[in-house]
Amino acid sequence: MIQPQSALDVNGDTRTAPMLLVADPESALVHDLAAALEREGVEVMGVTDGAQALLQAGALRPDVVLVSASLPVIGAVDFIRAVRLTRAIPVLLGVGEGHAQQAVQALAAGATACVARPYRVPELLPLVQAAFTGESGIRRMLVVGKVELDVNAYQVKVDGRTVHLPLREFELLHYLMRNAHRTVTREQIMRHVWNSTDTTSTNTIAVHVKRLRARLGDNDDQLIQTVRGVGYRLVDKTS
């Protein structure tokens with residue numbers, strides 16, 4: 001695990017590897033996660049409470065922040081609200097059993113997504129890399145089942161067949177694939193895809209989802225699933 005003073009070049013040079021700030025009260029868990037991610041080329045800074053997390057989020061400017069739902073001193077929801085006042089940095093919420101209410105509140109406060117805690121490297125690594133390469137221009141490919149999305153080329157393939165999508169539908173699919181197997185709310189979709197907080201326009205989402213399903217051949221609505229009263233979830237139909 002890196003130390004705070006070595007996270008960024010003292011001259012402010014561009015970081016050459018993605019950085020994840022982890023705020024979790026279990027230092028042993030953070031240590032193990034850091035060791036696993038650093039083997040994948042990710043720099044990890046760990047803190048154990050929300051006050052330290054706020055300080056380091058401002059000082060280090062990490063690419064992604066991962067906060068536990070049980071964060072002490074300054075709770076996860078208050079941390080997310082504070083960060084959202086000044087930055088659009090992706091914030092992931094680590095949730096376990098009994099954290100349903102915190103998850104709802106965190107998503108409403110601006111959390112990017114929820115991830116399982118104890119943490120899983122295969123789940124976290126694509127999210128960290130996507131946030132980092134989104135600023136560096138490196139080619140990015142997302143794959144969920146038979147659906148492949150090339151971010152830089154604005155190209156989508158389903159089972160090897162190229163599918164042409166209008167820009168908004170491409171952005172919608174991109175957001176759903178970034179959060180694959182997790183439910184995203186309509187409010188989150190409006191904010192991240194339409195850059196809007198107008199929650200009265202959620203019918204717009206339904207129309208675009210219907211068109212996207214048709215283009216992807218999702219005739220049984222099993223690829224993009226509707227979570228009644230909440231939002232949508234994209235899943236791997238082949239699993």
Side-chain angles (χ1 to χ4, degrees), residues 18 63-64 88-93 103-104 106-108 110-116 120 122-239:
D63 299 292
V64 183
I89 182 174
V91 179
L92 309 176
L93 181 74
V104 171
L107 291 170
T112 306
C114 295
V115 297
R120 299 190 294 261
E123 182 178 16
L124 286 172
L125 187 59
L127 297 173
V128 176
Q129 292 175 331
F132 178 67
T133 57
E135 298 178 355
S136 67
I138 297 174
R139 182 183 180 88
R140 288 180 289 157
M141 182 74 74
L142 299 178
V143 181
V144 179
K146 295 182 178 181
V147 182
E148 300 178 4
L149 185 146
D150 187 327
V151 177
N152 286 10
Y154 276 87
Q155 185 178 68
V156 174
K157 291 185 179 180
V158 178
D159 205 11
R161 173 180 58 89
T162 298
V163 176
H164 299 286
L165 298 180
L167 179 59
R168 190 69 76 181
E169 290 174 31
F170 179 91
E171 292 175 341
L172 174 60
L173 178 62
H174 181 204
Y175 183 68
L176 291 172
M177 290 183 71
R178 280 170 48 205
N179 293 279
H181 304 287
R182 286 184 294 273
T183 299
V184 292
T185 67
R186 294 177 179 85
E187 291 76 14
Q188 285 179 288
I189 294 173
M190 287 301 299
R191 182 167 63 249
H192 290 279
V193 178
W194 273 266
N195 194 29
S196 171
T197 57
D198 182 6
T199 58
T200 65
S201 301
T202 54
N203 185 59
T204 300
I205 299 175
V207 171
H208 281 77
V209 167
K210 181 178 180 180
R211 292 173 180 169
L212 182 57
R213 283 169 170 157
R215 296 182 201 275
L216 298 177
D218 183 23
N219 300 319
D220 54 3
D221 299 354
Q222 290 302 303
L223 173 63
I224 303 175
Q225 299 178 348
T226 299
V227 181
R228 190 174 301 276
V230 181
Y232 298 91
R233 177 175 58 240
L234 185 142
V235 301
D236 181 357
K237 292 179 65 176
T238 64
S239 59

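Sequential numbering from 1 along the given sequence is applied to the chain's residues.
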Enquirer: Considering only heavy atoms from C-beta outward, does the side chain of Val144 approach that of Leu176 to under 4.5 Å?
Expert: no

Enquirer: Run the side chain to side chain contact (heavy atoms under 4.5 Å, CB included) test on Ile205 and Met190 for me, step by step, so that the C-alpha distance in whole Å, both residues' side-chain angles and the decisive distance to 0.1 Å come before the verdict.
Expert: CA-CA 8 Å; Ile205 299 175; Met190 287 301 299; 3.5 Å; yes

Enquirer: Would you say the side-chain atoms of Asp218 pair up with the backbone N or O of Gln222, donor to acceptor, closer than 3.5 Å?
Expert: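 Here the side-chain-to-backbone pair exists.
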
Enquirer: Does Ala111 have any side chain to side chain contact (heavy atoms under 4.5 Å, CB included) partners at least two apart in sequence or in another chain, and if so, which?
Expert: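 With sequence neighbours excluded, Ala111 shows a side chain to side chain contact (heavy atoms under 4.5 Å, CB included) to Ile80, Ala106, Leu107, given in chain and number order.
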
Enquirer: In chain order, what residues pass the side chain to side chain donor-acceptor pair (under 3.5 Å) check against Asn219, with sequence neighbours excluded?
Expert: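 Asn219 satisfies side chain to side chain donor-acceptor pair (under 3.5 Å) with no other residue.
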
Enquirer: Give the minimum heavy-atom separation between Ala103 and Leu93, together with the two atoms involved.
Expert: CA-CD2, 3.7 Å

Enquirer: Which heavy-atom pair separates Val227 from Arg233 by the least distance, and what is that distance?
Expert: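 What the structure gives for the nearest pair is CG2-NH1, 3.7 Å.
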
Enquirer: Measure up the Trp194 and His208 rings against each other and bin them: parallel (under 30°), tilted (30 to 60°), perpendicular (over 60°).
Expert: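 Judged by the thresholds at 30° and 60°, the geometry between Trp194 and His208 is perpendicular.
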
Enquirer: Counting C-beta onward and ignoring hydrogens, is there a side-chain heavy-atom pair between Leu234 and Leu173 closer than 4.5 Å?
Expert: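 The answer is yes; the side chains approach within 4.5 Å.
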
Enquirer: Only counting residues at least two apart or in another chain, list the ones meeting salt bridge (Lys or Arg N to Asp or Glu O under 4.0 Å) with Arg211.
Expert: none

Enquirer: Could you tell me which residues satisfy salt bridge (Lys or Arg N to Asp or Glu O under 4.0 Å) with Arg168, sequence neighbours excluded, listed by chain and number?
Expert: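 Arg168: salt bridge (Lys or Arg N to Asp or Glu O under 4.0 Å) contacts with Glu171.
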
Enquirer: Knowing that exactly one of Leu92, Val91, Thr112 qualifies, which makes a side-chain contact (heavy atoms from CB on, under 4.5 Å) with Val64?
Expert: Leu92

Enquirer: Which residues pass the salt bridge (Lys or Arg N to Asp or Glu O under 4.0 Å) test with Glu169, not counting sequence neighbours?
Expert: Arg215

Enquirer: For a 4.5 angstrom cut-off between non-hydrogen side-chain atoms, does Lys157 reach Asp150?
Expert: no

Enquirer: Identify the two heavy atoms, one from Asp63 and one from Ile89, that lie closest to each other, and give their separation to 0.1 Å.
Expert: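 Scanning both residues completely, I find the closest heavy atoms to be O-CG1, 3.7 Å.
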
Enquirer: Mind checking whether Asp221 and Thr226 have side chains closer than 4.5 Å, heavy atoms only?
Expert: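 Asp221 does not reach Thr226 side chain to side chain.
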
Enquirer: Let me confirm one number: the NE2-CG distance from His174 to Leu149, rounded to the nearest 0.5 Å.
Expert: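 One gets 6.0 Å once the value is rounded to the nearest 0.5 Å.
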
Enquirer: Say you draw a straight line from CZ of Arg186 to CG of Asn203; how long is it, rounded to the nearest 0.5 Å?
Expert: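 Here the rounded value is 10.0 Å.
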
Enquirer: On a heavy-atom basis, which atom in Val147 and which in Met177 lie closest, and how many Å separate them?
Expert: O-CE, 3.6 Å

Enquirer: Enter the distance from Glu123:CD to His181:NE2 here, rounded to the nearest 0.5 Å.
Expert: 9.5 Å

Enquirer: Quick one: pull up CZ in Phe170 and CD in Gln155 and give me the separation to the nearest 0.5 Å.
Expert: 9.0 Å

Enquirer: Can you check whether Arg213 reaches Leu223 side chain to side chain, under 4.5 Å on heavy atoms?
Expert: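 When only atoms from C-beta onward are counted, Leu223 and Arg213 do not touch, as no gap falls below 4.5 Å.
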
Enquirer: Under the side chain to side chain donor-acceptor pair (under 3.5 Å) rule, collect the residues that match up with Arg191, sequence neighbours excluded.
Expert: none

